[in-house]
Amino acid sequence: MNVGFPFAVGGRGRLVDPTYDEHVREMIELVLFTAPGERVNRPDFGSGLLRLVFSPRNPETLAAVQFQAQSQLQQWLGHVIDARSVAVEMLGQDALKVIVNYLVRRDGQERTATFERRGLP
């Protein structure tokens with residue numbers, strides 16, 4: 001059974017059980033948007049992607065952030081996916097868009113997930 005994120009109880013009083021694809025997408029989202037040091041006992045978990053908001057907006061910074069995000073996905077989810085590419089775009093002053101292209105190891109299918117965060121600090 002896969003536990004959904006955010007954790008939720010359904011109408012029948014049972015845990016929400018996402019599909020495998022939804023579960024993988026949720027795990028990717030957790031790695032991308034968790035800051036290193038945020039998790040107890042896992043200080044190196046997370047990509048630090050949200051630090052981009054406070055960084056200079058230039059091609060070098062975007063490339064470094066994309067590399068960091070892709071390497072963290074491989075480190076933490078390499079047994080589940082093969083992260084093929086990560087693209088990061090700034091959408092104005094307080095928004096960010098991340099596009100992840102990955103191969104699900106379980107079925108060999110390639111997928112793309114898009115995440116947007118608005119109202120960043």
Side-chain angles (χ1 to χ4, degrees):
M1 180 176 140
N2 301 315
V3 177
F5 178 80
F7 184 79
V9 177
R12 295 177 15 166
R14 295 185 176 181
L15 294 178
V16 173
D17 187 17
T19 66
Y20 186 73
D21 286 341
E22 291 169 338
H23 181 63
V24 169
R25 186 182 190 290
E26 291 168 352
M27 288 191 300
I28 292 169
E29 186 173 13
L30 286 172
V31 171
L32 291 175
F33 296 107
T34 299
E38 188 176 332
R39 290 274 175 106
V40 176
N41 297 326
R42 295 267 188 216
D44 54 342
F45 181 86
S47 71
L49 195 61
L50 296 178
R51 287 185 292 199
L52 178 62
V53 175
F54 302 107
S55 301
R57 295 176 190 216
N58 56 44
E60 294 80 17
T61 301
L62 279 177
V65 168
Q66 288 172 186
F67 177 79
Q68 175 71 13
Q70 187 168 353
S71 67
Q72 289 295 308
L73 287 171
Q74 282 302 123
Q75 177 181 348
W76 294 103
L77 299 178
H79 62 290
V80 177
I81 65 169
D82 177 15
R84 300 289 172 96
S85 67
V86 176
V88 180
E89 294 177 42
M90 291 302 296
L91 304 173
Q93 290 294 94
D94 68 343
L96 151 68
K97 180 178 183 179
V98 183
I99 302 167
V100 180
N101 183 278
Y102 60 98
L103 177 98
V104 178
R105 295 192 187 280
R106 181 177 182 177
D107 62 12
Q109 296 295 313
E110 197 162 313
R111 295 188 174 68
T112 301
T114 302
F115 307 93
E116 286 191 25
R117 287 288 186 274
R118 298 196 176 279
L120 299 173

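Heavy-atom basis, side chains included; hydrogens, waters and symmetry copies ignored.
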Just so I know, are the side chains of Leu73 and Tyr102 near enough to count as touching, which here means a heavy-atom distance under 4.5 Å? no

Roughly how far apart are Glu22 CD and Glu29 CD, rounded to 0.5 Å? 12.0 Å

Show the nearest heavy-atom pair for residues Phe115 and Val100, with the distance to one decimal. CE1-CG2, 4.2 Å

Kindly write out the residues that satisfy salt bridge (charged side-chain N to carboxylate O under 4.0 Å, His left out) with Glu110, not counting sequence neighbours, or none if the list is empty. Arg84

Please check if Trp76 and Tyr20 belong to a single hydrophobic cluster, counting links between Ile, Leu, Val, Met, Phe, Trp and Tyr side chain heavy atoms closer than 4.5 Å. yes

Minimum-distance pair of heavy atoms, taken over all atoms of Ser47 and Ala69: CB-CA, 3.9 Å

Ignoring hydrogens and geometry, is there a side-chain-to-backbone donor-acceptor pair from Gln72 to Val31 under 3.5 Å? no

Can you tell me how far CD of Glu26 sits from CG of Asp21, rounded to the nearest 0.5 angstrom? 11.0 Å

Which atom of Val104 lies closest to which atom of Arg111, heavy atoms considered: CG2-NH1, 3.1 Å

Could you give the distance from OG1 (Thr112) to CD1 (Ile99), rounded to the nearest 0.5 Å? 8.5 Å

Minimum heavy-atom distance Ile81-Gln74, with the two atoms named: O-OE1, 3.9 Å

Please report the closest heavy-atom contact between Thr34 and Leu30, naming both atoms and the distance. OG1-O, 2.5 Å

Other residues, nucleotides and ligands only: do more than 12 of their heavy atoms fall within 6.0 Å of CZ on Arg105? yes

What closest approach, in Å, do Val80 and Met27 show between heavy atoms, and which atom pair accounts for it? CG1-CE, 3.9 Å

Once rounded to the nearest 0.5 Å, what's the spacing between atom NE2 of His79 and atom CZ of Arg106? 12.0 Å

Close side-chain approach of Val86 and Val65, heavy atoms under 4.5 Å: no

